[in-house]
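For reference, the structure is listed below as C-alpha cells.
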2 protein chains.
Amino acid sequence: MLTERQLFLLQLLVNDYIVSAEPVGSRSISKRDDVHYSPATIRNELADLEEMGYLEKTHLSSGRVPSEKGYRFYVDHLLSPAMLSDLEMKNIRDAYRRKFSETEELIHVTAELLSEFTNYTAIMLGPELLEMKLKHIQFVRLSGNKGVMIIVTDSGHVENRVVTFPSEIKAEDIEKIVNILNEKLNMVPLYQLQKRLNEEFRDVLRRNVSNYEHAMTLLRDSLEINDPEQIFYSGKSKILSQPEFQDIDKVISLLNVFEGKDLIRELMNMPPGGMHIRIGKENKLNGIEDCSLITTTYSVGSELLGTVAVIGPKRMAYPRVITLIDVLSNLLTKSLSDRKENNK
Amino acid sequence: MLTERQLFLLQLLVNDYIVSAEPVGSRSISKRDDVHYSPATIRNELADLEEMGYLEKTHLSSGRVPSEKGYRFYVDHLLSPAMLSDLEMKNIRDAYRRKFSETEELIHVTAELLSEFTNYTAIMLGPELLEMKLKHIQFVRLSGNKGVMIIVTDSGHVENRVVTFPSEIKAEDIEKIVNILNEKLNMVPLYQLQKRLNEEFRDVLRRNVSNYEHAMTLLRDSLEINDPEQIFYSGKSKILSQPEFQDIDKVISLLNVFEGKDLIRELMNMPPGGMHIRIGKENKLNGIEDCSLITTTYSVGSELLGTVAVIGPKRMAYPRVITLIDVLSNLLTKSLSDRKENNK
DNA sequence: AATTAGCACTCAGTAAGAGAGAGTGCTAAC
DNA sequence: GTTAGCACTCTCTCTTACTGAGTGCTAATT
C-alpha cells in the first residue's frame, strides 16, 4: 500500500515527466514550492516506489521515469481531468456551428480538432457498414439495361450499385423482386443479406419470377456489400515530433501500423462503452509498444457505434487528452443526432 | 557540349549513385570492367562535368554526386527504360486478373503494386468529380418526406444525397422537376449545375411548380456537390527508409505534405498528357525539395483523367520507375475501359 | 524514528585529439 | 592525351578525459 506522500510524489513525478520528457531527479522535485522534503528523503521514497515497480531508471544513476505500472496507477488513481480554457471551449463550439453537408465532414472536423488540441494523432473509426440494418431497397432503372440498386440503412447511410441486368430479365421483374425483398428483409443486418437471400428467397423468387437464375445472380451481385473500412486520421505527423520518436525505425513501424487497416481495427477493438486507455504493451500489437491509446465511442443513430481515438507516446498528457476526447466525442454524437432529427 | 566519354561517365556515375547512395569516386569508376581509363583521367573528366554544373561534391575531397542539372540531363538524354523480368510481368498481370467489384479497388491495387515494385510511395489522384458530366438524375422517394437524389455521371459514377423535402412540396412535384432537369441538363459538367439552375430554371420552375421557392432550395441543396478529394497513397513509409530521410524533420515535413490535400493537388498539377518528371526543386513546394516526382495519367471513360504518381528521393531508380508507372497506368486504363464495356 | 547532510560512485554526454581511409587536384612523366 | 605519384583535405571512428546530474549509503541531526 502506498503512503500519502508516495502517492503525492508519484503524481508529481509523472506530471513532471509528461511535460519534460526527461528523467526526473530528487533534487528537481525537492526544489518545487509545494514540496518541503530534502532530496535525500525524496530519494528514499523514490527508491521504494521503484522497488514496488512504479518507477524505473534509464541507467544506474539517472533520474526516474514512470514504468507502465506507474502510468497505469497514475491513470487509475491519481489523475484529475484537465480543464479547458474558456477560449478553447469557445473555439471548439464555434467549429461545430458550421453547416456540414456530409456526415463525413463532421467526423473529419472532429478528428482535426482532436489532433490540433492534443498535439497527438487522432483516429476515427466509422461504424461497420455491415452491422447496419436494411431499411429500404430501391431499384432505379437508368438508360438501356442499366440500373442503380439503392440500399438505405437504418442509420441513414445510402449505398448504391450500378448494375447491368441481362436482357433476359425485364426491369419490371426486378422492381417486383425488390418489392418482395423490401417487405421481408426490413431491419435485417447487411451482413446477413446474402444468407437470407439464399435460404429464404430461392423458392419465393422461383415462383414469382421468370428467369429466376438470372435474377438470383443479379441480386447476389448487387447485395454484395464489402465494407469500406472507414478510417480517418488527422495529425499523423504530430506524434512523430515527440522526442520518443527520434528513431527512424520506430517511425516506420508506426506508419506501417497506420497503413494496415486490419491492424488498426484490431488495435481499436475495445469492449463496448466508456473510455478505454491502453498503455504501452497493453496494446498487443507490434510497433506501438511505446504508445498509449485512448479510445471512446460516438454513436450514430440509436445503437451504431464509431470509435474516436488518440494515439500518443506513453508519456502522454492524459488529463488533457481525456477531457478533450470526452468533450469532442459528446459534441460529435450530439451533432450527429441533431442531424438525424432535422432529417425526419 | 559534352563529349562521348563525358556522357558515358555521367551515365555511369548517376547509375552508380542511384544504387549506392554514396558519393562516387574516380577509383571506383575506374575499376569497372567496362571502363579502361585510369582514376586520374576520370578525375579530370569529372572535374569538367562539375565545372559545367552536372556534378557536385559533398565536401572538398569527397566523391561526386549528381546535381539537379545532372539528374535532369540524365533523365532527358541518358536513360534507357528498364526491362521488367518475365516473373514481374506475370505477377503484375495476375494481380489484374482478379475480379474487382469497385473501381476504387482497382485503383488501390494499382497503387499497391506500384509502391511494392518501386519501393517508393505511390499516389493516385482520382478524377475531379466536378469535372464529370451529368448523365442522369433521379429522385427516389423513401419513407415519409425523405428521398434520395441520385446523380449519375457520364463516367458511370453515382452520387447520392438523402434529402428531406418540406411538407409544402409534393413528391410528384419533385419528380416532375427532376424530369425537366434531366432533359435540359444532360451532359452539363457538375460544377456548372448550380449556375445553370439559377440562371435558366428559375422561370421554368416558377411556371411549372407550385411552391417554387421551396423547390429551388431543395434542388440547390441536393445538387451542391463538394468534391471529395480522391487521393490514395500506398507505401507512405517506403520513402522514409531511403537513406536521405534519416533526418526526422524531413520526414515530418514530407508527411505534412501528404496530409494536406491541397498541397498534393497543387504538386501533381501537371500539363496534360504524357509522363512528367519533376526533380528536386523543380517541385515548387516546401518539404519535397529533395524528392523527385514522376506522374502520368490514366483515363476513366473517354476524357476524364486521373493521375498516377510515384514520389521518391532525387536519387530515384528512374528507368525502373518510368517503366513501371507506364505499364501500370496503361493496365489501369485498360481495365477501367474493359469494365465500362462490360457495363454497357 | 524520521529526516537530512555528506560523500563516494556511476553513467550519459560532450569535447578534443589521433589515425585511418577515401578522395581530390596538380605536376611531371609516359 | 593519359597516367603515376604525391601532398593535401575532409569525414568517420575510436579513445580519452572531463563534467554534471543523479544515485545509494552512512552517520549526524531533529
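Fair warning: this is a prediction, and the values are worked out from it, not measured in the lab. Naming convention: chains lettered A, B, ... in sequence-line order (proteins, then strands); numbering from 1 in each chain.
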Whole-Å distance separating the CD1 atom of B:Ile29 from the P atom of C:dG23: 10 Å

I need the CG-P distance between A:Leu60 and C:dT10, as an integer number of Å. 8 Å

Spacing between B:His36 atom NE2 and D:dT3 atom C1', to the nearest angstrom: 16 Å

Less than 4.5 Å apart, side chain to side chain, heavy atoms only: is that true for A:Asp76 and A:Ile277? no

Any carboxylate oxygen within less than 4.0 angstrom of a Lys/Arg side-chain nitrogen, looking at B:Glu56 and B:Arg64? no

Ranking B:Thr58 and B:Ser38 by the position along DNA chain D of their nearest nucleotide, the one closer to 5' is B:Ser38

If the test is side-chain contact (heavy atoms from CB on, under 4.5 Å), which one of A:Ile123, A:Leu125, A:Asn269 qualifies with A:Thr307? A:Leu125

So B:Ser26, base contact, sugar-phosphate only, or nothing? Heavy-atom distance under 4.0 Å. sugar-phosphate

Test salt bridge (Lys or Arg N to Asp or Glu O under 4.0 Å), reference B:Arg315, set B:Glu68, B:Glu22, B:Glu244, output is B:Glu244

Let me know the distance between CD of B:Glu51 and P of C:dG25, rounded to the nearest Å. 10 Å

Single hit among A:Ile92, A:Val308, A:Thr296 for side-chain contact (heavy atoms from CB on, under 4.5 Å) with A:Leu328: A:Ile92

Rounded to whole angstrom units, what separation is found between the CD atom of B:Glu22 and the P atom of C:dG21? 17 Å

Is it the case that the side chain of B:Tyr120 and the backbone of B:Glu116 share a donor-acceptor pair, with hydrogens and angles ignored and the cut-off at 3.5 Å? no

In residues 43-50 of chain A, which residues come under 4.0 Å of DNA chain C by heavy atom? A:Arg43, A:Asn44

Residue-phosphate contact under 4.0 Å: B:Arg64 side-chain N/O, C:dG23 OP1/OP2: no

Can you pull out the residues from residues 6-20 of chain B that lie within a 4.0 Å heavy-atom distance of DNA chain C? none

What I want to check is whether an N or O donor and acceptor connect the side chain of A:Ser61 with the base of D:dT23 at under 3.5 Å. no

Tell me whether A:Ser237 contacts the main-chain N or O of B:Leu255 through its side chain, where contact means a donor paired with an acceptor under 3.5 Å. no

In whole angstrom, give the distance that lies between atom CD of A:Glu56 and atom P of D:dT23. 15 Å

To the nearest Å, how far apart are B:Ile42 CD1 and C:dG23 P? 12 Å

Examine the side chains of B:Ser26 and B:Tyr37 and answer whether a donor and an acceptor come within less than 3.5 Å of each other. no

Within the 4.0 Å heavy-atom criterion, would you say A:Thr41 contacts the bases, only the backbone, or no part of the nucleic acid? base

Establish, with yes or no, whether the OP1 or OP2 oxygen of D:dT9 is under 4.0 angstrom from a side-chain nitrogen or oxygen of B:Ser62. no

A:Lys57 NZ - C:dT10 C1' separation (whole Å): 10 Å

Does A:Lys69 count as lying over the ring of A:Tyr54, i.e. NZ or CZ under 6.0 Å from the six-ring centre, within 45 degrees of the axis? yes

